[in-house]
Structures are given as C-alpha cells and as structure tokens.
Amino acid sequence: QSDFSCDHPCNGPKNWNHANSNCDGKQQSPINIVTRKTLKDERLTPFKFDNYQQIFKGTIKNNGHSVQVGVPHLSTVSGGGLPTSYKAVQFHLHWGNNGGPGSEHTIDGEQYPMELHIVHMKHHYSDLTTALSDAEGVAVLGFFYEKSNRANGKYDPIINALRSIKNANGNTSLLPVSLAQLIPAEQNLTSYYRYKGSLTTPGCTEAVVWTLFESPIPLSIEQLRMFSELKFHSGNSMIETFRPVQPLNGRQVFRSGG
Ligand code: 1SD
Ligand code: ZN
C-alpha cells in the first residue's frame with residue numbers, strides 16, 4: 001500500500017511533505033506556468049513519436065488514486081529537446097469533481113478539467129525505479145482536456161471500461177487502443193512548455209523532464225463525469241486527484257520555438 005492510499009482527507013497532498021522527504025524538495029511538480037515568464041527555446045523542436053499508432057490491448061486499473069493503463073514498451077518519443085529517446089511505460093489521469101477543475105498543472109492560474117500523463121523512461125532502462133535514480137530518467141508528456149459539446153469517440157475504450165473498475169484494485173481489459181488516438185494530432189503538438197520537476201505523488205522523486213502541450217483534448221461533460229464515479233481505497237468518491245501547484249523556486253520554464 002502506498003503512502004497516499006487512504007486519499008485526501010487523512011493522508012493527501014497536504015501531508016506529503018511529512019510523508020516523504022522528497023516531497024519537500026526544491027524542484028517539485030506540478031506548477032503554475034506563467035506564460036509571460038516562459039523563455040522561448042529554439043532547441044525545443046517538434047517531437048518524433050514512434051509507434052504511437054500501435055494498437056494494443058491494455059489493462060486499465062483503478063490503483064486506488066487514479067486509473068492507470070500499462071503500455072507495451074514499443075512506443076517511443078524523441079526530439080522535442082529531450083536528451084535521448086524515451087519509451088512509454090504507462091498513462092494515467094488526474095481530474096476534478098464531476099467535470100470541475102482537476103488538472104495538476106495550471107496555465108496562468110487556469111486549472112483544466114483533467115490532465116493526462118504519459119509516463120516514459122529513458123530507452124535503456126528496464127524499470128521506472130532505476131530510471132528515477134537518473135535526474136532526467138523519466139519524461140512525462142502532459143496533456144490538458146477541455147469541455148466539448150460533443151462526446152469524443154476516441155475515448156470510448158477508456159470511458160466504457162470505467163464502469164468495470166469502480167472499486168480500488170479493480171482492473172479490466174481495454175478494447176484495442178493506441179496512444180495516438182488519445183492525444184491531439186501530431187501537427188498540433190508543436191507548442192509546449194518544458195521544465196524540470198518531480199513525480200506529483202510520493203516519493204515525489206525529482207527525476208522528471210516535464211512537457212505540457214498547449215493543445216487540449218476535447219471530452220464531453222458526461223465523459224468527464226464518469227471519472228468521478230470511481231472510488232478511492234477508502235471507498236470515498238475518487239475526485240480531485242491532483243496535487244496542488246508547488247513553488248517554482250527560481251526554476252525557468254521554457255516554451256517551444258523550433
Ligand atoms: O501519480 C503518478 C503515479 O501514479 C505514478 O504513475 C508515478 C510514476 O511511477 O507518476 C506519478 S505522476 O508524477 O506521473 N503524476
Ligand atoms: Zn500523474
């Protein structure tokens with residue numbers, strides 16, 4: 001059982017600084033991105049996505065604090081100012097209450113209804129634990145969601161599976177899905193923010209190269225609300241699964257410019 005298994009009131013984000021010394025560090029995530037203070041960096045060129053179109057049959061799990069899908073280590077990302085290529089490990093989401101504010105990162109103070117994290121590790125590592133001992137071992141690609149008047153059919157495999165994993169530790173197989181179908185088209189992924197930070201849950205390890213894409217993913221309010229039907233380990237509704245924004249402590253946030 002993890003440090004935060006009993007969810008927010010008893011052991012949530014506000015108590016993590018006590019739960020784990022890393023959570024008190026100087027390079028924590030998430031952050032509020034103040035766009036006028038970002039620095040354009042010509043090295044932040046477009047990403048190269050390999051095998052993001054690969055369709056796989058994944059398992060979706062309610063891990064007691066989010067829903068997570070393991071990804072076969074075939075999809076890789078490089079370019080985008082990353083030091084090397086990184087392979088996808090898993091993705092998960094952070095959300096609010098019934099479609100209310102729920103993203104972890106905020107842009108000029110705006111909190112989006114949900115945020116997708118596709119967690120990658122440097123290609124030569126075989127597990128996340130090892131990757132986390134490297135200051136740039138992990139790359140998380142973060143995507144925001146926006147409310148749309150229309151349901152996003154590309155999310156049917158995810159949304160339809162949620163009803164089968166309402167309780168903590170529940171898992172079920174997903175209908176075939178690809179990472180590409182869950183994110184905006186590649187030509188809309190050239191505008192992004194970059195900074196060095198941490199995992200947003202304990203142990204809050206400061207080993208993450210963060211990328212937040214500007215272009216949001218549309219979902220209907222009904223689709224967003226389905227996430228609030230899930231339950232934490234405690235049995236309480238799994239809502240507001242985000243860590244509050246953390247101090248920048250002098251870090252520079254860069255924006256793409258390639
Ligand atoms: O919250 C997730 C956590 O569930 C786990 O996936 C971890 C990686 O081992 O990453 C954090 S986060 O920083 O991607 N939110
Ligand atoms: Zn996350």
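Order of listing sets the numbers, starting from 1, for every ligand and every atom in it. Values below: all heavy atoms of this structure, side chains included; hydrogens, waters and symmetry mates excluded.
In summary, the atoms of ligand 1 found under 4.0 Å from a heavy atom of Leu128, numbered by their order in the structure, are 8 (C), 9 (O). For ligand 1 and Gln90, the ligand atoms under 4.0 Å from any heavy atom of the residue are 5 (C), 6 (O), 8 (C). Heavy-atom proximity to Thr201, at under 4.0 Å, picks out these atoms of ligand 1: 1 (O), 2 (C), 3 (C), 11 (C). Annotation for ligand 1: atoms under 4.0 Å from non-hydrogen atoms of Leu199 are 7 (C), 8 (C), 10 (O), 13 (O). Remark: ligand 1 atoms within the under-4.0 Å shell around heavy atoms of His117 are 14 (O), 15 (N).
The proximity of Leu132 to ligand 1, defined as any non-hydrogen pair under 4.0 Å, does not occur for either the backbone or the side chain.
Using cut-offs of 30° and 60° for the angle between ring planes, the Tyr52 and His120 rings count as parallel. Between Phe144 and Tyr112, the ring planes are parallel. Angles under 30° get that label, and only those over 60° would be called perpendicular. By the 30° and 60° cut-offs, the orientation of the rings of Phe49 relative to Phe47 is tilted.
Assignment of Gln68 to the shell around ligand 1 is supported, since a heavy atom sits closer than 4.0 Å.
Panel note: side chain Gln111, backbone Ser103; a donor-acceptor pair is recorded below 3.5 Å.
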>> For a salt bridge (charged side-chain N to carboxylate O under 4.0 Å, His left out) check, start with the C-alpha distance between Arg255 and Asp41, then their side-chain angles and the critical distance, and finish with the verdict.
In response: CA-CA 6 Å; Arg255 65 174 191 278; Asp41 185 342; over 6 Å; no
> Passes salt bridge (charged side-chain N to carboxylate O under 4.0 Å, His left out), Glu229 versus Arg163? Steps please.
Replying inline: CA-CA 8 Å; Glu229 300 281 311; Arg163 63 183 98 253; over 6 Å; no
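Listed by chain and residue number, nothing satisfies the salt bridge (Lys or Arg N to Asp or Glu O under 4.0 Å) test with Lys57 (two or more places apart in sequence, or in another chain). With sequence neighbours left out, the salt bridge (Lys or Arg N to Asp or Glu O under 4.0 Å) criterion links Glu186 to no other residue. Annotation: salt bridge (Lys or Arg N to Asp or Glu O under 4.0 Å) contacts of Lys231 (sequence neighbours excluded): none.
For ligand 1, one of its N or O atoms has an N or O atom of His65 under 3.5 Å away. Checking only distances, His94 does come within under 3.5 Å of ligand 1, N or O to N or O. Considering both main-chain and side-chain atoms, Thr200 comes within under 3.5 Å of ligand 1 through a nitrogen or oxygen pair.
Here 3 is the count of protein N, O or S atoms positioned under 2.8 Å from the Zn ion (ligand 2), waters not counted.
Ring pair Tyr195/His105: centre-to-centre distance below 6.0 Å.
A ring pair (Phe, Tyr, Trp, His ring centres under 6.0 Å) with Tyr145 is found for one member of Tyr155, Phe227, Phe213, Trp95 and no other, namely Tyr155.
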